[in-house]
Colleague: 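Before we start, here is the structure in question, set down as structure tokens.
The basis for the numbers below is simple: all heavy atoms, side chains too, and nothing from hydrogens, waters or symmetry mates. Position 1 is the first residue of the sequence, and the numbers go up from there.
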Amino acid sequence: MKNLKGFRGKYFSLAAILALNATIALASEGQSVVDNEKQLYTPKAEASSETTEVLEESAAPVVVISKKIKEKKSEVYTASKSLVSATNITDNVSIITSEELSLKGITSVTDALNTIPGVSFASNGGLGKSTGVFMQGMSNKYILVLVDGVRYNDPSNTSGADFSQLLIGDIERIEVIKGAQSGVWGADAAAGVINIITKNAQNGTHGTAGIEMGSYGRRSANTSISHKTDQFDVMLSVERVTEDGFTSQAPWGEKNIKQYEDDPYRNTTVNFKTGYWINPYNRIEAGYHDVNALNSYDENTPNDEQHSDIRNRSGYVSYKYFVGNHALETTLTQSSFIKKELDAAYGVSDYKGEIPSIEMKDTWKYYDKGALVLGTSYEKREIEYTQVGAPKEERDDNAKALYINNTNQFSQLVLTEALRYDKFSAFEDKVTGKVGAKYLFTDQFNLYTNYGTAYKTPSMLDMINIWGASNFDLKPENIKSFNVGLQYAGLTINFFRNEIEDMIDWDSATSKNVNIDGTSIMRGVEISYEQQLMQSLLMGGNYTYVDAKKEDGTRLTRRPRYQSTLYTTYMPIKKLAWNLNGTYIGSRADQDFSTWPASKVDTGNYFVANTKVSYQIDPTWNAYVKVNNIFDRYYQTAYGFASAQRSYYLGMEAKF
């Protein structure tokens, strides 16, 4: 089998993305999906032969590339803790592949998530600055973030996962599942799950390298080397980004942000993965992800000079045993998050959070269209923090869990069920679950619906509240989510409703976190569509409406009521690809913290467009130029914090 490389590969990749984009129109690939599923539950030898068969069954190059892209989009791990074909997923799923990230010129995880319907973000400045991600109106702390299956949610951070430190150079794809997923993943997965999957080694020895330079003193470089044989595979990637940046704070309406001091940023990310087949039925795997960053920011005024030293590390060791139709797996994981406020004169100067865990599960394919996942896990959450002039404090809690997930397909009806029991050391035990159904009318048309429950326990820092008064009477939040939608030939329409009972929020009057009485509701609709208009032209877009309010009708802050993204990729000649994309953000409630008490303000109502032009010099080298914020539009994603003006970037990439 001969693989296409270079631009020609990208050309056909584009066609493949189009053909496959209907995420879920993947239902149409009945037999090949069955082939793919077989390799999920069989040992190495059988899986390898079936993969080869699938890739070689057609001599047409476009089909070969199509199948390679399809492998990334046609299987979803996050919905059930087991790799399952998208046909058998009833959840609202979006997948971003590395090819799409490259075509659109995306350089950060938050920018990538911002292209997905139902997901938005607000950042306190430029690259590396504190960033809030919202999923269907629910904030960071309700979203479980995984990097290669390891939890990235920081127990020493009240906002959950720190998205601002995640680069994209080593990402193979990002799976996003919206709606309550506690029945599968536990307490953090109340709004949904974002699973970031890094690149794997391909057969043989391969390497990549890339450099990029541009506005705001941006200098980035990345490289990777991998090797894979029948028994052994290993991959190492390193990415380093430095920026002089721009001021993180700027008064609302002030367009001349160059009058303030810059807030630079640097990030070095290392990723390592390896695996070894002991024999055709036993495999061990290990991985390590390391983020080392130094961030400058403004604390009170645009000319402050504050610095954070950040070190986020996660790793795993996994043993898999295949017997009959069972895949037995034991995994040890450890996440560590360290943040030092280097210039702190008061308050907290050092944070440290750790999550060690162990999980054992059995994935049992009990018939061709039915799979069961049974498992148990133990997870500990530890935090340490030091306030200026005070000794170090430590806290910890733990949770044990039992869970079961089931997927069935009966003729044209797909059913999924999940049930999970969590025993918490600091809170009452809880049972959560989800059910879903999808009916496949044709290869291109289906209807689906899902209902799930979730349980969000207060973080230890929510209760301790080192910035005000403690409140150890905080109750866990109970979440319910419901969605219903349809998918037809590239078009997806999804209606959703999320309810949070006793939501935890900051009370300015008492300077502590409290449970808000009643039920906060987030509801809306997501519409997305993508289509290939000509052989060389791809166009698509999405629209989201979110109505997110507390029990008393007050709008939740920093969630745009309307958001729409449009994009197109055009390939006028074989070696040239031009991408143009833009996002419109509608009205967004926020607060002005320069006054006391903080006053209500509105932001939003802006359109920001970006473009990237790539040229394939030869099968090895690719060059590109990017322009972000083409029309130099003034905007702030968070009130009082600056955003980049028009900026230019030039880069080179090589693959061998």
Side-chain angles (χ1 to χ4, degrees), residues 77-78 81 108-110 112-113 128 131 133 140-141 143-157 159-176 185-189 193-201 222 224 234-241 267-275 284-295 308-320 329-340 351-361 377-384 396 398-399 401 459:
Y77 177 83
T78 317
K81 287 197 173 189
S108 71
V109 168
T110 50
L113 296 174
T131 300
V133 171
N140 270 32
K141 69 176 186 177
I143 303 171
L144 173 63
V145 180
L146 307 168
V147 176
D148 287 328
V150 182
R151 285 178 181 260
Y152 193 74
N153 290 61
D154 180 0
S156 64
N157 182 349
S159 299
D162 184 1
F163 287 93
S164 57
Q165 311 306 324
L166 290 170
L167 305 178
I168 65 158
D170 61 351
I171 292 177
E172 180 64 28
R173 65 179 194 162
I174 303 173
E175 292 181 5
V176 179
W185 293 97
D188 287 335
V193 181
I194 296 173
N195 192 6
I196 297 168
I197 300 164
T198 61
K199 293 178 179 176
N200 291 310
N222 65 81
S224 70
V234 62
M235 178 145 194
L236 172 68
S237 66
V238 181
E239 183 174 12
R240 181 175 175 83
V241 175
N267 180 318
T268 303
T269 296
V270 177
N271 196 57
F272 175 79
K273 295 170 79 171
T274 187
I284 55 174
E285 296 177 351
Y288 176 70
H289 191 262
D290 187 325
V291 177
N292 189 343
L294 180 65
N295 181 40
S308 296
D309 189 7
I310 300 158
R311 192 73 185 271
N312 298 337
R313 290 174 285 189
S314 61
Y316 66 91
V317 177
S318 179
Y319 168 68
K320 297 177 180 178
E329 185 173 353
T330 299
T331 304
L332 297 171
T333 67
Q334 170 90 19
S335 302
S336 172
F337 308 89
I338 298 174
K339 183 178 181 182
K340 298 179 181 293
Y351 303 82
K352 181 179 180 181
E354 290 190 339
I355 308 179
S357 72
I358 181 171
E359 181 175 44
M360 292 178 287
K361 68 177 183 182
S377 65
Y378 171 82
E379 180 179 290
K380 191 174 183 180
R381 303 184 183 203
E382 305 167 330
I383 66 167
E384 296 176 2
D396 67 76
N398 64 73
S459 75

Colleague: Looking at Glu382 and Lys380, does any basic side-chain N land under 4.0 Å from a carboxylate oxygen?
Modeller: yes
Colleague: Going by the rule side-chain contact (heavy atoms from CB on, under 4.5 Å), which residues pair with Thr78 if we only count those two or more places apart in sequence or in a different chain?
Modeller: Glu175, Ile177, Trp185, Val193, Asn195
Colleague: Measure the spacing between CG of Leu166 and OG1 of Thr269 and express it to the nearest 0.5 Å.
Modeller: 8.0 Å
Colleague: Measure the OG-CD1 distance between Ser108 and Ile168 for me, rounded to the nearest 0.5 Å.
Modeller: 7.5 Å
Colleague: Where is the tightest heavy-atom contact between Lys273 and Asp148, given as atom of each residue plus distance?
Modeller: NZ-OD1, 3.6 Å
Colleague: Keeping to residues at least two apart or across chains, list the salt bridge (Lys or Arg N to Asp or Glu O under 4.0 Å) pairs with something in residues 285-295.
Modeller: Arg283-Glu285, Glu285-Lys320, Asp290-Arg311
Colleague: Do Thr331 and Ser318 get their side chains close enough for a donor-acceptor pair, meaning under 3.5 Å?
Modeller: yes
Colleague: For Asn267 and Gln165, indicate whether the former's side chain and the latter's backbone hold a donor-acceptor pair under 3.5 Å.
Modeller: yes
Colleague: On a heavy-atom basis, which atom in Asn312 and which in Ile338 lie closest, and how many Å separate them?
Modeller: OD1-N, 4.1 Å
Colleague: Does Tyr152 have its ring centroid less than 6.0 Å away from the ring centroid of Phe337?
Modeller: yes
Colleague: Heavy atoms only: give me the nearest Arg381-Arg151 pair and the separation to one decimal.
Modeller: NH2-NH1, 4.0 Å
Colleague: Residues in side-chain contact (heavy atoms from CB on, under 4.5 Å) with Arg240, at least two apart?
Modeller: Thr242, Arg266, Thr268
Colleague: With rounding to the nearest 0.5 Å, note down the distance linking CD in Glu379 to CD1 in Ile358.
Modeller: 12.5 Å
Colleague: Under 3.5 Å, is there a donor-acceptor pair between the side chain of Asn153 and the main chain of Val145?
Modeller: yes
Colleague: Answer whether the closest heavy-atom distance between the side chains of Asp154 and Ile355 falls below 4.5 Å.
Modeller: no
Colleague: After noting the C-alpha distance and the side-chain angles of His289 and Asp170, does the key distance pass the side chain to side chain contact (heavy atoms under 4.5 Å, CB included) rule?
Modeller: CA-CA 10 Å; His289 191 262; Asp170 61 351; 3.8 Å; yes
Colleague: Roughly how far, to the nearest 0.5 Å, is CG of Leu146 from CD1 of Ile197?
Modeller: 9.0 Å
Colleague: After noting the C-alpha distance and the side-chain angles of Thr330 and Val317, does the key distance pass the side chain to side chain contact (heavy atoms under 4.5 Å, CB included) rule?
Modeller: CA-CA 8 Å; Thr330 299; Val317 177; over 6 Å; no
Colleague: Indicate the atoms forming the closest heavy-atom contact of Gly353 with Ser156, along with that distance.
Modeller: N-OG, 3.5 Å
Colleague: Please walk me through it: do Val133 and Val109 pass side chain to side chain contact (heavy atoms under 4.5 Å, CB included)?
Modeller: CA-CA 10 Å; Val133 171; Val109 168; over 6 Å; no
Colleague: What verdict does the side chain to side chain contact (heavy atoms under 4.5 Å, CB included) test give for Val150 and Thr333, after you've listed the backbone C-alpha separation in whole Å, the side-chain angles of each residue and the deciding distance to 0.1 Å?
Modeller: CA-CA 6 Å; Val150 182; Thr333 67; 4.1 Å; yes
Colleague: Looking only at heavy atoms, what is the nearest atom pair of Ala112 and Ile174, with distance?
Modeller: CB-CD1, 4.2 Å
Colleague: State the OG-NZ distance between Ser377 and Lys81, to the nearest 0.5 angstrom.
Modeller: 5.5 Å
Colleague: Where do Ser237 and Ser224 land on the side-chain hydrogen bond (donor to acceptor under 3.5 Å, both in side chains) test, with the steps shown first?
Modeller: CA-CA 4 Å; Ser237 66; Ser224 70; over 6 Å; no
Colleague: So with a 6.0 Å cut-off around NZ of Lys340, is the heavy-atom count from everything else above 12?
Modeller: no
Colleague: Enter the distance from Asn140:CG to Asp188:CG here, rounded to the nearest 0.5 Å.
Modeller: 11.5 Å
Colleague: Please report the shortest heavy-atom distance between Thr131 and Ser164, naming the atom on each side.
Modeller: OG1-CB, 3.8 Å
